[in-house]
Amino acid sequence: MTELRLHNSKTRRKEVFAPIDPDDVRMYLCGPTVYDRAHLGNARPVVVFDVLYRLLRHVYGEDSVTYVRNFTDVDDKINATAKARKDAGAEGTLEQLIHERTVETIGWYHADMDALGALRPDAEPRATAYIGAMIAMIERLILSGHAYAKDGHVLFRVRSYQDYGALSGRSVDDMIAGARVEVAPFKEDPLDFVLWKPSDEELPGWNSPWGRGRPGWHIECSAMSYELLGDTFDIHGGGIDLQFPHHENEIAQSCCAHPEGSFARYWLHNEMLQVEGKKMSKSLGNFFTVRDLLDRGIPGEVIRFVFLQTHYTKPMDWTAEKAAQAEAVLRKWRGLVAGIEPAPSPAPSVIAALSDDLNTAGALAELHAMTGDPALLKTSARMLGLLEDHMGDWVAPKADLTAHADHLAALRATAMQAKDFAPVDAFKAALLDAGVEVRMSKAGVELLPGVGFDPARLPPLN
RNA sequence: GGCGGGUUGGCGGAGAGGUUACGCAGCGGAUUGCAAAUCCGUGAAGACCGGUUCGAUUCCGGUACCCGCCUCCA
């Protein structure tokens, strides 16, 4: 069996991956808070873990991998949107309006991630469906002395968990020194974080032993991973920005509530995304969503290719230049594999690259070496979610240029006789100007709509 | 202040203690009415300073610069 090696954030080393049960490999990815369209940065972990999911399925078998990715649908930004709708006169309770909003957002998320060629996880739990499990976990934490209730809040007693900070490499005392923790009257210690908080009438809430309220952010992942994957599972992932405090808190909650288990054994974190060398932010004006790119005509497969060019542990820079290059490569490859029956299995070199901590850039390099064997290229590319049939519509000609091609061929034939190439050159120049790629060979004339193709600027046929 | 990541040829971007990464661009050639596309060939690197070593871009230490996290965030 292929030996998989993964960089484990927990140990800060590349380790051989050994699943608890090779017939039931389990991984959890922190999913989106569904308050709006996913931005480009949200898509990076999705693509990275999609490749990991494909690899695990390849190595252990399609039915031997369980991939869970949650939807966070309890959140103040969602509440704000729902409240704004209610204030604007929308029908229904606040909870119903929240549900409507999140259903809408989840639909967008699915459409956008599907466009990137990401396989759907085996389970996509919504936090609101697991409130009972969260309450049960909080009760266990209170009983074991790791949490306490105060003024309608329940807080996790950070100093009760000795290994707190191990994942992100900080000590509790360092954090006090940093002093950027919220001090509140209901906290025993400024480091303690919220498991449950009260809701007023303006906010969604659920009944609990501590009154009507809602869960803190971190508890949902602990509760859902426990319910769906058990007290010990293989891989947990997300963006590096989640490492602290979110993942640190998840570990504390899960390990204290279920000391018999060891929670996630391998932690994978992807680095952040930049745009043209800068952090993507609304203030810099370089903020955009996946849908924005798709609407601009950049195919999801191209976005995916650009992502895979950079190793997931390094910051990735999105640039228009990279997108253009990726499109050219994919166009070429799609031309090579069109109508070709895929090879029975992917190239070992590609599996080897991916098995080495998801070296997707290395795997792409291997694909370049395979252009002489389109069948193998096709099958191997699919390990990366590329060159799949359902992803290829974008390469189809955007217009029927047969008439123009025939006209150009006729002009050329005349020109060959008359030794006067001016008319054919003029027509060709006009085509190029309209964004058409012109290919003339002994075999004939081929016209392809290029990147800047504009049908309105096509020359008349006379 | 604390924690973490990065710095490779014109650009993007990997692996490996000693042998060509790869892609794009460039250059030369084939081909073409001219181009494009395609094919063949080709130059070019490892932030800086030390150390280990027969040998380091690759390991260790330091410096500089860039970036992220520590607050909602993928």
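Sequence lines set the chain letters: A, B, ... in the order given, protein chains first and strands last, and positions in each chain run from 1. Being a predicted model, the structure only gives us computed values, none of them experimental.
- A:T319 comes within 4.0 angstrom of nothing in the nucleic acid, heavy atoms only.
- Within 4.0 Å (heavy atoms only), A:D317 reaches no atom of the nucleic acid at all.
- For the residue pair A:D234 / A:Y28, no side-chain donor-acceptor distance below 3.5 Å is found, with atom types taken as modelled.
- Each of A:E248, A:K187, A:H246, A:H218 was scored for a side chain to side chain contact (heavy atoms under 4.5 Å, CB included) with A:F193, with one residue passing: A:H218.
- Remark: A:E95 engages A:R212 in a salt bridge (Lys or Arg N to Asp or Glu O under 4.0 Å) (not counting sequence neighbours).
- Residues satisfying the side-chain contact (heavy atoms from CB on, under 4.5 Å) criterion with A:C256, sequence neighbours excluded, are A:L141, A:H146, A:F156, A:Y161.
- Residues forming a salt bridge (Lys or Arg N to Asp or Glu O under 4.0 Å) with A:D73 (at least two apart in sequence, or on another chain): A:R126.
- Dashed line: the shortest gap from a side-chain N or O of A:R439 to OP1 or OP2 of B:rU38 is not under 4.0 Å.
- A:R412 comes within 4.0 angstrom of a base, heavy atoms only.
- In this structure, the salt bridge (Lys or Arg N to Asp or Glu O under 4.0 Å) partners of A:E188, at least two apart in sequence or on a different chain, are A:R157.
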Anything under 3.5 Å between a protein N or O and an N or O of nucleotides 65-69 of chain B, put it in a table, one pair a line.
residue, atom, partner, partner atom, Å
B:rC67, O2', A:Q274, NE2, 3.3
B:rC69, OP1, A:K279, NZ, 2.8

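- At the phosphate of B:rG13, OP1 or OP2 sits under 4.0 Å from a side-chain N or O atom of A:T310.
- For residues 31-50 of chain A, proximity to RNA chain B is found at A:T33, A:H39, A:G41, A:N42, A:P45, defined as any non-hydrogen atom under 4.0 angstrom from a strand atom.
- Applying the side-chain hydrogen bond (donor to acceptor under 3.5 Å, both in side chains) test to residues at least two apart or on different chains, none of the pairs has a partner in residues 419-429 of chain A.
- Partners of A:P121 according to the side-chain contact (heavy atoms from CB on, under 4.5 Å) rule, which considers only residues two or more places apart in sequence or in another chain, are A:Y67, A:R69, A:E124.
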Check your understanding: Dot-bracket for RNA chain B, 5' to 3', with Watson-Crick and G-U pairs under 3.5 Å, [ ] for crossing pairs and | for other-strand pairs: what is it?
Key -> (((((((..(((.....[...))).(((((.......)))))....(((((..]....))))))))))))....
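- Listed nucleotides B:rA36, B:rA14, B:rG15 differ in distance to A:D356; the shortest reach to its side chain belongs to B:rG15.
- Each of B:rC34, B:rA14, B:rC72 was ranked by its minimum atom distance to the side chain of A:K314; first place goes to B:rA14.
- Using a 30° and 60° split on the angle between ring planes, A:H269 and A:H247 fall in the tilted class, from 30° to 60°.
- For residues 370-388 of chain A, the side-chain hydrogen bond (donor to acceptor under 3.5 Å, both in side chains) pairs, not counting sequence neighbours, are A:R54-A:E388, A:R382-A:D389.
- Nucleic acid contact class of A:K419 (heavy atoms, under 4.0 Å, all strands): none.
- With sequence neighbours left out, A:R214 forms a salt bridge (Lys or Arg N to Asp or Glu O under 4.0 Å) with A:D76.
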If you restrict it to nitrogen or oxygen atoms, what contacts under 3.5 Å exist between nucleotides 17-26 of chain B and the protein, and what is each distance?
residue, atom, partner, partner atom, Å
B:rC24, O2', A:Q325, NE2, 3.2

